[in-house]
Amino acid sequence: MKPSRAVTVLVVLAGVAGALAAARPASSPQTRKLKVHISVDMEGVAGTVTADQLGPTGFEYGRFREFMTREALAAVDAARAGGATEILVADAHGNGENLLVEQFPPDVRIIRSWPRKLGMVAGIDQDVDAAIFIGYHAGTNNPTGVRAHTFSSATLARVAINGVSVTEGSWNAAIAGQFNVPVIMMSGDDAAIAEVRKAIGNIEAAETKRTLGFHSANTLTPQASYTAIGQHVAAAFKRIGDFKPYKIPGPLTVEVTFKNYLPAEVLAYLPMFERADSHSIRFRAKDMAEASAIMNFIGEYRPDLTP
Ligand SMILES: [Zn+2]
């Protein structure tokens with residue numbers, strides 16, 4: 001089609017679309033905006049079991065970045081087929097630079113690297129209609145999950161809200177909930193899915209592998225995982241009205257247990273942190289966004305930060 005004709009056709013189409021939109025109720029699926037946020041971690045991707053897949057020094061990392069990217073793309077494609085009109089993807093693992101950005105369609109936006117406000121679900125706000133978690137893993141107090149940890153396997157032994165241990169999945173769902181965004185689907189190992197469902201309800205889920213231990217799993221192949229993710233994202237969009245935002249009303253109390261003594265001792269110099277026990281501090285936050293900002297600070301700040 002030549003440009004001049006294309007413009008004419010577009011103008012005519014726009015006119016028709018405008019007339020149709022005027023004739024339809026605002027809630028009809030053809031006119032409704034549907035913005036989807038997809039947070040992508042890596043430990044729950046099919047086949048990942050050890051550091052060999054999870055970071056730039058691992059001998060399988062290059063291939064597993066590709067698998068992670070294609071699991072995210074399976075969710076993107078199914079979301080679009082399900083009615084998504086706008087898609088925002090957050091790279092939420094390791095250095096935040098894992099997803100192969102050139103493989104995404106040009107109308108998808110991608111959030112990369114750290115630090116950033118709202119962490120793994122950066123970009124969530126009132127304008128988002130649904131959230132999806134891909135490649136998620138179990139929390140640090142789970143005895144069976146593959147690479148089970150909460151925010152940092154190196155430094156944290158527990159994170160709890162109002163006395164209840166949380167996982168990255170339930171923490172991020174509560175951030176989304178503050179902005180009235182329901183989580184509709186997740187993928188990850190069986191332990192991760194069970195934990196998130198226990199906290200936030202029966203969302204759609206694609207089980208990418210079954211845990212055999214912290215560093216072992218019985219896994220789907222990458223290809224089978226893409227198919228399962230596509231099917232469960234599609235299923236979620238078919239019953240999108242079923243999912244409610246997961247809300248933890250503020251103010252809330254967060255407890256953080258470190259693997260070492262000194263972070264708890266030094267943070268407790270600040271009056272906002274109470275020393276809960278030898279390895280733990282406790283703080284109050286007015287809502288999940290504030291709790292997330294404080295957790296970000298605890299995780300990111302070092303006096304030798306550069307630049
Ligand atoms: Zn991760």
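For ligands, and for the atoms within them, numbers begin at 1 and follow the listed sequence.
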Closer than 2.8 Å to the Zn ion (ligand 1) - protein N, O or S atoms, ordered by chain and residue number: Asp41 OD1, Glu43 OE1, Glu43 OE2, His93 ND1
Pair Tyr61 and Phe64, ring centroids less than 6.0 Å apart: no
Flag, side chain of Asp125 to backbone of Asp127, donor-acceptor distance under 3.5 Å: yes
Criterion side-chain contact (heavy atoms from CB on, under 4.5 Å) against Arg158, the qualifying member of Thr257, Thr150, Val256, Val166: Thr257
Euclidean distance, Leu156 CG relative to His149 NE2, rounded to 0.5 Å: 9.5 Å
Under the salt bridge (Lys or Arg N to Asp or Glu O under 4.0 Å) test, residues paired with Arg109 that sit two or more places apart: none
Arg63 bridged to Glu60 by N-O distance under 4.0 Å: yes
